[in-house]
*Asks:* 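Below is the structure I would like to discuss, written out as structure tokens.
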Amino acid sequence: MKTILNISTFIFVVLTTSCTKGITDWNIDGKNASDVPAYTLFTTGQKALVDAYNSSSVSVAPFRVLAQEWTENTYIQEAQYNFSDYNANAGWWQRLYGTSTPNGGTTVNPGVLSNLEAAKKKFALDISDPAVMRNNRIIADILEVFTYHLLVGTYGDIPYSQAENNTIPYPKYDDAKTIWTDLLLRLDTCISGLNETANSLGAADQVYNGNTAAWKKFAATLKLKMALLLADADFATASAKALEAVNTGIFSSNDDDAVMHYDPSSVTNANPLWQGLVNSGRHDFVPSNLLVNIMSDWNDPRLALYFTKDSHGEYSGGVPGAGNGYGIFSDFSPAMQTPDYPGVLLSYVQTEFLLAEAVERGIPVGGTAASHYNNAIVASIRYWGGTEADANEYLLQPAVAYATATGNWQQKLGYQKWIANYNMNWDSWSDIRRLGHPNLDVVNPPIGAKGQLPLRFTYPANESGSNAINWQDAVNKIPGGKDVVGAKLFWMK
């Protein structure tokens, strides 16, 4: 089992490029401190990524609400697919790009890419231990790939090839599929370049404590995930990359999960869920009735692990798009509302669902769709604190068993992955968009919804002013030539 360190245990150390990019285009950024240690920059970027992915803020990551795992109580804009008030499309963009956001300005939040890129550049200048510094750069680059796959999977075309070049304040938007293909190539280079016999980041790495073998598995598992997302757009490439990932070695148990534990002694370093649900003193969210009702109907043993009972001793959820009063419905489990609740980026449960999907698509990854489906559900129930007996009993139900569950493979996997990915918010939204299940526009359309489920985020408003030419070029390439949430991304059918 991997060693997990609390953020507070990391003592900031010394001395920033990609395993595929050089530093010839780098100059000193006068707007940012030039003496921040590389390890500090890496830790800041890594934490910013986990924070953003796990955030409950509707001004950054309203994906739990979009996926109807949660819904809203009083401020119901996001549940009705209205982003104009809290500007999640801008918040998510700024959190991930950071100070190297395409308009060249600074942001309140430190950002992921800006810190990781700066760390890579400083690591490249440190010749004290070339093997260690190469591993450091590669691990930072793997996290950059993860970050860009979130950006492409949210917006479509984005600034990429020029995004981290501080000499270009107004970068072009690159084609989304072209970026995706390059990201897969970057992962190939990273996987082959990692030196498992050499050390790496150590305590600066809050996920794997510098374990290069664990990062190789992470990169291969991310490659599998990205390959399957590509399958409807380019099956040949998706199949080849998925097989390469499996042959490299992917997650094989919950112990492989990419997890960061938060620090309960620090408000700043506590889990974003605790910050939003407890420390804020607010009660903005409630479980969605669709998720609660389906889990209840299927006697899901995770129901008591996800939620508390309401005042009537039942499990209940709020209506998406409606004004749901606080205290009427079930609440989120106490465990999720602790300051040290872990943040996850990538999991073994996801891996097994991806393998089941690969089998159904005819990619020879081994095993059967049913065996991988079962493995995923058992691992999910065990992860949340249930027993193997609980899982086996759950799988015996005709509504759950792979052979008898309703619908095609997309529906079977879609529903169970949606349940299992509870608290992995961006991925829940993504799987709904690409697998089509649960079809929220049909089974539980929000009251007062402004159209159907958003398939992407529009670009931040300031892009149309500060980076107008490149923004307009990107908008012109969207089907219909308008920057709208209903436009499909390249990997959607």
Side-chain angles (χ1 to χ4, degrees), residues 54-86 88 271-337 341 384 414-415 417-429 431-433 437-454 485:
N54 286 273
S55 174
S56 64
S57 171
V58 293
S59 64
V60 175
F63 307 116
R64 291 180 177 86
V65 173
L66 293 182
Q68 284 194 28
E69 289 163 328
W70 293 12
T71 194
E72 294 170 303
N73 284 331
T74 304
Y75 305 99
I76 56 177
Q77 290 89 332
E78 288 71 29
Q80 295 184 339
Y81 308 150
N82 181 356
F83 301 133
S84 61
D85 287 353
Y86 297 104
N271 189 294
L273 284 178
W274 176 82
Q275 293 174 346
L277 297 176
V278 180
N279 190 55
S280 68
R282 301 179 62 89
H283 304 288
D284 291 331
F285 304 105
V286 66
S288 162
N289 61 353
L290 180 64
L291 179 60
V292 173
N293 292 345
I294 288 174
M295 293 180 72
S296 296
D297 290 345
W298 291 349
N299 302 304
D300 195 312
R302 289 164 292 191
L303 190 64
L305 304 171
Y306 286 6
F307 311 114
T308 65
K309 290 183 178 179
D310 61 24
S311 59
H312 302 289
E314 305 291 337
Y315 292 103
S316 60
V319 178
N324 298 291
Y326 172 68
I328 300 173
F329 302 103
S330 293
D331 194 9
F332 310 109
S333 70
M336 289 182 66
Q337 301 188 58
Y341 191 71
W384 283 92
Y415 269 88
K417 196 173 183 183
W418 174 64
I419 295 171
N421 271 355
Y422 177 66
N423 201 39
M424 299 196 73
N425 46 83
W426 186 89
D427 282 291
S428 293
W429 177 54
D431 284 323
I432 290 170
R433 291 181 293 159
H437 295 281
N439 186 340
L440 302 180
D441 295 325
V442 174
V443 299
N444 210 37
I447 292 173
K450 308 297 188 291
Q452 295 188 315
L453 176 72
V485 298

*Asks:* Within a strict 4.5 Å, meaning less than it, do heavy atoms of the Pro438 and Ile432 side chains meet?
*Replies:* yes
*Asks:* State the CD-CG distance between Gln275 and Asn54, to the nearest 0.5 angstrom.
*Replies:* 11.0 Å
*Asks:* List the steps and the verdict of side-chain contact (heavy atoms from CB on, under 4.5 Å) for Thr308 and Ser333.
*Replies:* CA-CA 6 Å; Thr308 65; Ser333 70; 5.5 Å; no
*Asks:* Between Trp429 and Phe63, how do the two ring planes meet: parallel, tilted or perpendicular, split at 30° and 60°?
*Replies:* parallel
*Asks:* Between CG of Asn423 and CH2 of Trp70, what distance do you get to the nearest 0.5 Å?
*Replies:* 7.0 Å
*Asks:* Side-chain contact test, heavy atoms from C-beta onward, threshold under 4.5 Å: evaluate it for Phe332 versus Tyr422 and give yes or no.
*Replies:* yes
*Asks:* Please lay out, stage by stage, how Phe307 and Tyr315 fare under the test ring pair (Phe, Tyr, Trp, His ring centres under 6.0 Å).
*Replies:* CA-CA 8 Å; Phe307 311 114; Tyr315 292 103; 7.3 Å; no
*Asks:* Applying side-chain contact (heavy atoms from CB on, under 4.5 Å) to Trp418 and Ile294, what does each step give before you reach the verdict?
*Replies:* CA-CA 11 Å; Trp418 174 64; Ile294 288 174; 3.7 Å; yes
*Asks:* Looking at Asp284 and Asn73, would you say the former's side chain and the latter's main chain have a donor-acceptor pair under 3.5 Å?
*Replies:* no
*Asks:* Roughly how far, to the nearest 0.5 Å, is CG of Leu291 from CD of Gln68?
*Replies:* 9.5 Å
*Asks:* Compare all side-chain heavy atoms of Leu273 with those of Arg64 and state whether any distance is below 4.5 angstrom.
*Replies:* yes
*Asks:* Mark yes or no for whether Asn324, through its side chain, and Glu72, through its backbone, hold a donor-acceptor pair below 3.5 Å.
*Replies:* yes
*Asks:* Does the side chain of Gln77 pick up a donor-acceptor pair with the side chain of Ser84 at under 3.5 Å?
*Replies:* no
*Asks:* Any side-chain to backbone donor/acceptor pair from Asp331 onto Lys309? Under 3.5 Å, distance only.
*Replies:* no
*Asks:* Do you know which two heavy atoms are closest between Pro446 and Ala79, and how far apart they sit?
*Replies:* CB-O, 3.2 Å
*Asks:* Evaluate the side-chain contact (heavy atoms from CB on, under 4.5 Å) criterion for residues Trp298 and Tyr415: first the C-alpha distance (whole Å), next the side-chain angles of each, then the deciding distance (0.1 Å), finally the verdict.
*Replies:* CA-CA 12 Å; Trp298 291 349; Tyr415 269 88; 4.1 Å; yes
*Asks:* Search all heavy atoms of Glu78 against all heavy atoms of Tyr86 and return the closest pair with its distance.
*Replies:* OE2-CD1, 3.4 Å
*Asks:* Is NZ or CZ of Arg302 both nearer than 6.0 Å to the six-membered ring centre of Trp384 and within 45° of the ring axis?
*Replies:* no
*Asks:* If only atom types and distance count, is the side chain of Lys450 paired as donor or acceptor with the main-chain N or O of Gly448 below 3.5 Å?
*Replies:* yes
*Asks:* Using a distance-only test with no angle check, is there a side-chain donor-acceptor pair under 3.5 angstrom linking Ser316 and Asp310?
*Replies:* yes
*Asks:* Taking it one step at a time, do Phe285 and Leu277 satisfy side-chain contact (heavy atoms from CB on, under 4.5 Å)?
*Replies:* CA-CA 8 Å; Phe285 304 105; Leu277 297 176; 4.0 Å; yes
*Asks:* Atom CG in Asn425, atom CD in Glu69: separation rounded to 0.5 Å?
*Replies:* 7.5 Å
*Asks:* Do the non-hydrogen side-chain atoms of Val443 and Leu290 ever get within less than 4.5 Å of each other?
*Replies:* yes
*Asks:* Hey, could you give me the CZ/OG1 distance between Phe329 and Thr71, rounded to the nearest 0.5 Å?
*Replies:* 10.0 Å
*Asks:* Ring centroid separation for Trp274 and Tyr341, is it under 6.0 angstrom?
*Replies:* no
*Asks:* Will you find, in the side chains of Ser57 and Ser59, an N or O donor that is under 3.5 Å from an N or O acceptor?
*Replies:* yes
*Asks:* Counting neighbours of CD on Gln337 that are heavy atoms of other residues, nucleotides or ligands and sit closer than 6.0 Å, is the number greater than 12?
*Replies:* yes
*Asks:* Identify the two heavy atoms, one from Pro272 and one from Ser56, that lie closest to each other, and give their separation to 0.1 Å.
*Replies:* O-OG, 4.1 Å
*Asks:* Grab the two heavy atoms, one from Ala322 and one from Ile76, that are nearest each other, plus how far apart they are.
*Replies:* O-CG2, 3.2 Å
*Asks:* Could you give the distance from CG (Leu66) to OG (Ser428), rounded to the nearest 0.5 Å?
*Replies:* 10.5 Å
*Asks:* If you measure only the distance, is there a donor-acceptor pair under 3.5 Å linking the side chains of Asn444 and Asn289?
*Replies:* yes
